[in-house]
Every structure is written in structure tokens, then in C-alpha cells.
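If you read the sequence from its start, that first residue is 1, and numbering goes on from there.
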Amino acid sequence: MKPILGITMGDPSGNGPEISVKALMNPELYEKCRPIIIGDANCMREAAKVIEGAENLIINPVRDVKDAVFSKGSIDVLDMGLVDLSRRYYRKDRDKTVSMLGKEKAEEVFRESDRMCGEAAFRYVKKVIELAMDGGVDATVTNALNKDHINLAGHHYSGHTEIYADFTGTSKYTMMLAHEELRVVHVSTHVSLREACDRVKKDRVLEVIRIAYEGCKSLGIEKPKIGVAGLNPHCGENGMFGKEEIEEIQPAIEEAMREGILIPEGKPTPPDTVFSKALGGWYDIVVAMYHDQGHIPLKVKGFVYNKEKKRWDAVAGVNVTLGLPIIRASVDHGTGEGHAGDGSANELSLVNAIDYAVRMAVSGRK
């Protein structure tokens, strides 16, 4: 009864293949779930070649989830055959490619590579959504894609969240970021800061509070405590620095509380203290008003750079889309194209995402 997880490989020119190999090399992962990569088997084999300890790892291409063996020491790949490795170029090799081919020709081959990789990454996502909607997998996990690449391939989305919303027919959803016990959802995400302020409206704030509450319940939290961040410094200081707290956020909080949702303070919390309180256990989740208000504290906590060794010791955190009819958890970082292909990518965020997907899948069965 271990849940089946469909894990997209991510952009073929990014770090997704490498961190997928690293994460699925761990035999303990197979004790809690049955993972299958949605991607290209040739890319996974190439990734295994640059990872220490993966010499004897078996890449098992299959055409259907039902053909997967879910065995330790091997990685099942629903092989979509979309990537020609001779046409895939890594960004870290740009200077070498320019010197070999000349600047104009190099730019041409990179554009073609980007288009191919964007098309592949998009189709992996579309496929895993179809599998989840049809019951072929219990939860989905996504590696990073490159927004420029998918748009170059003709798929005009600003990210995974919008693709999932479109192909599941979902209109009310939000992004949740999580690292350990710190969780954040957003009233708006991929819009300008100016537009983000305009989107702080009572109905949307209330909608996100409700989604946050249900999201915590899906994680097994029986009585979620919700913290709601203000938009302005000091929550507007009674209207001196802005009136969104008075006119939009407070009315949303009051209606949510009438519905039985627990918001301990009963009012917006200043954004410069709300996350410290969440870390102290005041809240199970924080409703942030815009993208960076929520992303910055999560990444300060989850991303750890070792300045002496000049490398990332940790790139942790999970991106979960709440409000969907299927489960979607994701890494909380980009494609790392500057180092993709050298085996140095950190798999911790993918491991965290897998853990969250398993937790939500198991909780949903109860």
C-alpha cells in the first residue's frame, strides 16, 4: 500500500536528472513509497555517470507505470524519448561551445537545445498530471523547469503552478512553501510587486486562508493555527502607511474566524515578526501577501551556503500547490544550469518534496 509517486525529471539541461538519481539511490526511500521518474532514460543514464556511487545503478525504462518494478538499486523511468543527447547543451559549457562553433552558431544550437528541453520538460509535467488524474499515481513530485525554455517551446506559462491549475481545471489554488515546521502560502506569486499590492483584496485573502487551513488538515494537523501577515510596515499603523489591513485583510480574517478557522491574534501580524512567531510555534502556517514576503524567510532558513568551501551545504524546502484535486510537491529551487552536468547538485529539496508528497498521500487515505 505504499503510495506511487510520479516524479518529473525536470529540464533535461538542468539539475533534475542528477538530483533524481541521488535521491532515488537511497534504499530507505523505497520503504515509504514507490517512485517512478517521468522523463527520458538516456538522460538518467548520463546523470548516473557523473554521480559517485551510482556506477551499478540500473536505469529501468518502462512504457507504463504498471511495468515498473520499484526495486532498490534500480530507478524506473517512464521513458518518453524526447531528448536527443547530441543536441542537448549545458550552460556551463557555453564558453567552450562558442570557441568551437563561433558565437553565432553557438547561439543557434543553444536556442535549439533550449527549445527541445523546454518541450520535454513541459510534456513530462503534462504526463504526470494525466497519470494522477487517472489514478495511475497517488501523488506527483516535480523537479525544476526553466520558464524561458517552456515558453520558447510555445507553452506560455509562468511556472508549474499555472500548468497544474490549467490541466486540472482548478481556479482556486495557491503556492505553499515549507521547510521543516515553517509553512507559508501566498495571496499572489508571479506578478510585479505593484500588481501584487493591488491583488490584496478581501475575497482573495479569505480564499487563501481557507486553502491554508485545508492544506494543513491534509498534512494531518487537526486544528491548524493560521497567521496572517500584513502588507504594509507595522500593518499600516492604523492607516498611516496604508489601509489594506483595515479595508481588506481584517474583514477576511473576521469572516474566516466566523467559519471556525483559528487565527490566534484575530488580526494581521506585522510582516517583520510573523515568521519569527511561526518558528516559535505560534502558527502552523502563515498567509503571506506576495511572493517575496513568503519566499525570503523560507530560503533564509532552508538555503545554507558554505563560504569557506564555496558551495551550498543545503538547498532545502518544498513547494506544494494547494487547492488542486491531485497532490503536487516540488523542489524549491531552480534548474541550476550553471553547474548542471557535473554531479554537484544537492538533492535535499527533492528528498523533502518526496517526504511531503508521501505524507499527503497517506493522510488522504485516512
Side-chain angles (χ1 to χ4, degrees), residues 1-12 16-17 19-21 23-41 43-44 58-72 74-82 120-145 159-170 173 176 178 215 218-220 318-331 347 349-366:
M1 294 301 292
K2 291 178 288 189
I4 298 175
L5 267 55
I7 305 171
T8 62
M9 195 183 76
D11 191 292
I19 65 175
S20 295
V21 170
L24 271 60
M25 282 172 58
N26 185 350
E28 293 181 3
L29 185 143
Y30 289 82
E31 299 296 330
K32 58 188 175 185
C33 69
R34 293 175 284 171
I36 182 169
I37 300 295
I38 314 301
D40 271 50
C43 293
M44 294 294 288
I58 298 170
I59 302 299
N60 179 40
V62 299
R63 293 298 179 188
D64 193 294
V65 176
K66 295 176 182 177
D67 300 325
V69 296
F70 304 118
S71 176
K72 302 171 186 177
S74 69
I75 297 177
D76 295 302
V77 181
L78 186 66
D79 188 12
M80 298 187 65
L82 299 174
F122 175 80
R123 287 175 62 181
Y124 303 154
V125 175
K126 185 172 181 288
K127 181 64 176 178
V128 84
I129 293 171
E130 291 170 354
L131 288 170
M133 294 292 283
D134 292 340
V137 298
D138 298 301
T140 73
V141 178
T142 54
N143 272 297
L145 52 71
H160 277 110
T161 305
E162 293 74 20
I163 298 172
Y164 268 76
D166 190 6
F167 284 96
T168 61
T170 304
Y173 58 90
M176 178 180 80
S218 74
L219 293 170
V318 182
N319 181 334
V320 178
T321 307
L322 299 179
L324 299 172
I326 59 177
I327 296 168
R328 181 251 169 170
S330 180
V331 297
E347 76 277 18
S349 186
L350 178 58
V351 172
N352 294 157
I354 290 170
D355 287 342
Y356 253 82
V358 170
R359 184 175 173 183
M360 294 175 77
V362 171
S363 179
R365 289 176 174 174
K366 295 178 181 178

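- In this structure, Ala120 and Pro12 approach most closely via the heavy-atom pair CB-CG, 4.0 Å.
- For Glu28, there are no salt bridge (Lys or Arg N to Asp or Glu O under 4.0 Å) partners two or more places apart in sequence or in a different chain.
- In this structure, the side chain to side chain contact (heavy atoms under 4.5 Å, CB included) partners of Ala139, at least two apart in sequence or on a different chain, are Leu5, Ile327, Ala357, Ala361.
- The two residues Met133 and Pro325 come nearest to each other via the heavy atoms SD-CG, 4.0 Å.
- A search for side chain to side chain donor-acceptor pair (under 3.5 Å) contacts involving Asp76 returns Asn60, not counting sequence neighbours.
- Considering every non-hydrogen atom in both Val21 and Ile75, the closest pair reads CA-CD1, 3.9 Å.
- The shortest side-chain heavy-atom distance between Pro3 and Arg34 does not fall under the 4.5 Å cut-off.
- Annotation: side chain to side chain donor-acceptor pair (under 3.5 Å) contacts of Thr321 (sequence neighbours excluded): Arg328.
- Judged by distance alone, the side chains of Thr142 and Tyr164 never bring a donor and an acceptor atom under 3.5 Å apart.
- Applying the salt bridge (Lys or Arg N to Asp or Glu O under 4.0 Å) criterion to Asp67, with sequence neighbours excluded, gives no partner residue.
- Every residue meeting the salt bridge (Lys or Arg N to Asp or Glu O under 4.0 Å) condition with Glu130, not counting sequence neighbours, appears here in chain and number order: Lys126.
- Side-chain contact between Asn319 and Tyr356 is absent, with no heavy atoms from C-beta onward closer than 4.5 Å.
- With sequence neighbours left out, the side chain to side chain donor-acceptor pair (under 3.5 Å) criterion links Asp40 to Tyr124.
- Ser20 is linked by a side chain to side chain contact (heavy atoms under 4.5 Å, CB included) to Ile37, Met44, Asn143, Leu350, counting only residues two or more places apart in sequence or in another chain.
- Thr170 pairs by the side chain to side chain donor-acceptor pair (under 3.5 Å) definition with Thr168, not counting sequence neighbours.
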